[in-house]
There are 2 protein chains.
Amino acid sequence: MTKAGRAGTLPSEPAQARRFGRVRDAQATALLEDYVELIADLLADAGEARLVDIARRMGVAHPTAAKTINRLKRQGLAMSEPYRGVFLTEAGARMAERARVRHRLVVRLLETLGVPSEVAEADAEGMEHYISDVTERVFTQFVGRKGV
Amino acid sequence: MTKAGRAGTLPSEPAQARRFGRVRDAQATALLEDYVELIADLLADAGEARLVDIARRMGVAHPTAAKTINRLKRQGLAMSEPYRGVFLTEAGARMAERARVRHRLVVRLLETLGVPSEVAEADAEGMEHYISDVTERVFTQFVGRKGV
DNA sequence: TTTATCATGTAGCCATGGCAACAATTAATA
DNA sequence: TATTAATTGTTGCCATGGCTACATGATAAA
Ligand SMILES: [Mn+2]
Ligand SMILES: [Mn+2]
Ligand SMILES: [Mn+2]
Ligand SMILES: [Mn+2]
């Protein structure tokens, strides 16, 4: 037996496996997205993105930030000379821009639904990485229809 | 200089660090939540939760699932005897229930906004772990007002 | 121009979460 | 019952993403 049950709430095995696989993929890029987004913001806002500032804003020790930045460089998303600040490649800048758009969209969606700004910012920082293109379009429509 | 800029889009340093810290915390428990939720579903649906089935549904190799289940046991969320299926402790069952509620809520919210069911299920699998209590309440209100 | 401070780099440690390969046990079938 | 198949366990590998401690380079103060 053990196979019968009551046709429960479980999705099909391949479908569920696919979903969890997509979550793993998204998780793998989530941190990189946050880094390039932050670097872009620092460049725009302060003219440079220093390791110390990146580390402080991410809330991690500086060697942790250094390692992640090396990973960005290996993946062709960032560049830097020793003891100089960090810059984004074309690809990095594109990723940052997409991340920024999605970030602000999710914040706006949450605020439109009535979530307080501070909470919206906090929750968006996690949620933003798991939104598909389809959902992104739906969100855009919704915040357009409602708030301005 | 380098400090001036144009009072840009950046949040305060401590606020931003706090947010990223919360994201890291949520990420750390995300996988555990998915496992206990799946185990609960398998128990309800098939009467037992076997390692093979868990691994297949998670889309990972069985040693990967075995390691995660050991972690669940270490954290007092699951129990199992060698070569028998996996069960949840009180704490594990509670976590599963909360995960299940949030999962379905996020799916319903997305569907209510007009996201197709299949996409809603996929996106919810990632988003669900980053929703604060406040946002959860807002979502509940919203789907209550709208849907049904 | 020394000297002190600050920023960056580097090494090594740990836990997580993937994998493949092989061993041992349990269940199914011949 | 004996053999085969399936399940579970175990080991060892890798990359990621945290940390501390220490070395080195650059900047600011004395
Ligand atoms: Mn983020
Ligand atoms: Mn962001
Ligand atoms: Mn999930
Ligand atoms: Mn879930």
Side-chain angles (χ1 to χ4, degrees), chain A residues 1-3 13 17-18 20-36 38-39 42 46-75 77-87 125-126 129, chain B residues 1-3 13 17-18 20-36 38-39 42 46-75 77-87 125-126 129:
Chain A
M1 292 306 112
T2 227
K3 200 60 161 304
E13 210 174 76
R18 247 193 317 274
F20 283 123
R22 277 195 60 248
V23 172
R24 280 191 296 272
D25 290 347
Q27 184 158 261
T29 49
L31 189 67
L32 302 185
E33 289 177 2
D34 282 335
Y35 267 78
V36 294
L38 174 57
I39 291 168
L42 286 170
E48 58 178 359
R50 308 299 299 254
L51 176 59
V52 216
D53 298 320
I54 297 171
R56 265 200 295 261
R57 295 200 99 96
M58 293 299 306
V60 298
H62 83 267
T64 301
K67 254 205 272 190
T68 305
I69 289 166
N70 277 328
R71 213 170 124 223
L72 291 179
K73 297 211 271 187
R74 259 185 285 137
Q75 308 210 357
L77 296 167
M79 320 170 282
S80 78
E81 305 299 318
Y83 289 90
R84 287 287 103 86
V86 182
F87 298 91
E125 198 56 79
H129 309 283
Chain B
M1 293 303 116
T2 226
K3 199 61 160 303
E13 211 174 77
R18 247 193 317 273
F20 283 124
R22 278 195 59 247
V23 172
R24 281 191 296 273
D25 290 347
Q27 185 160 258
T29 49
L31 189 67
L32 302 185
E33 288 177 3
D34 282 336
Y35 267 77
V36 295
L38 174 56
I39 291 167
L42 285 169
E48 57 177 359
R50 308 298 300 254
L51 175 60
V52 217
D53 298 320
I54 295 171
R56 265 200 295 262
R57 294 201 101 96
M58 292 300 304
V60 298
H62 83 268
T64 301
K67 253 205 276 191
T68 306
I69 289 165
N70 276 329
R71 212 171 126 226
L72 291 180
K73 297 211 275 187
R74 257 185 287 136
Q75 308 211 356
L77 296 167
M79 320 171 280
S80 78
E81 304 299 318
Y83 290 92
R84 289 286 106 86
V86 182
F87 298 91
E125 198 57 79
H129 309 282

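The sequence lines fix the lettering, A, B, ..., with proteins before strands; numbering per chain opens at 1.
In this structure, A/Y35 and A/M58 have side chains that are in contact, with non-hydrogen atoms separated by less than 4.5 Å. Side-chain contact between B/D25 and B/T29: absent, with no pair of heavy atoms (C-beta onward) separated by less than 4.5 Å. Within the 4.5 Å cutoff, the side chain of B/L51 has no heavy atoms near those of the B/V86 side chain.
Here the closest non-hydrogen pair linking B/H62 and B/A55 is CA-CB, 3.8 Å. Here the closest non-hydrogen pair linking B/A17 and A/R56 is CB-O, 3.6 Å.
C/dA7 atom C1' lies 15 Å from atom CG of A/L42, rounded to whole Å. The nearest whole Å value for the distance from the CD1 atom in B/I69 to the C1' atom in D/dG9 is 12 Å. In this structure, B/E48 places its CD atom 12 Å from C1' of D/dT7, rounding to the nearest Å. At whole-Å resolution of the value, CD in A/E81 and P in C/dT8 are 14 Å apart. Distance A/L77 CG to D/dT16 P: 13 Å, rounded to the nearest Å.
A distance of 8.5 Å separates CG in B/L31 from CZ in A/F20, rounded to the nearest 0.5 Å.
Each of B/V60 and A/S80 lies near DNA chain C, and the nucleotide nearest A/S80 is the one positioned closer to the 5' end. Along DNA chain D, the nucleotide nearest A/Q75 and the nucleotide nearest B/V52 are compared for position; the residue whose nucleotide lies closer to the 5' end is B/V52. Comparing A/R56 and A/P63 along DNA chain C, the residue whose closest nucleotide (by nearest heavy atom) sits nearer the 5' end is A/R56.
Judged by centroid separation below 5.5 Å and plane tilt below 30°, B/H62 does not stack onto the base of D/dT7.
No hydrogens or angles considered: a donor-acceptor pair under 3.5 Å links the side chains of A/E33 and A/H129.
Within the 4.0 angstrom heavy-atom criterion, only backbone atoms of the sugar-phosphate kind lie near B/A61; the bases stay farther away.
Across C/dT10, C/dC19, D/dT8, the shortest atom-to-atom separation from the side chain of B/L51 is found for D/dT8. Nearest to the side chain of B/K67, among D/dG12, C/dT10, C/dA20, sits D/dG12.
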All N/O contacts under 3.5 Å from nucleotides 23-27 of chain C to the protein, with atom names and distances to one decimal?
{"from": "C/dA24", "atom 1": "N3", "to": "B/Y83", "atom 2": "OH", "distance (Å)": "3.2"}
{"from": "C/dT25", "atom 1": "O4'", "to": "B/Y83", "atom 2": "OH", "distance (Å)": "3.1"}
{"from": "C/dA27", "atom 1": "OP1", "to": "B/R84", "atom 2": "NH2", "distance (Å)": "3.3"}

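Checked for salt-bridge contact, B/R50 and B/D53 miss the test: no charged N lies under 4.0 Å from a carboxylate O.
Shown for residues 22-35 of chain B: residues whose heavy atoms fall under 4.0 angstrom of DNA chain D, namely B/R24.
Of the candidates B/L72, B/I39, B/I69, B/L72 is the only one forming a side chain to side chain contact (heavy atoms under 4.5 Å, CB included) with B/L77.
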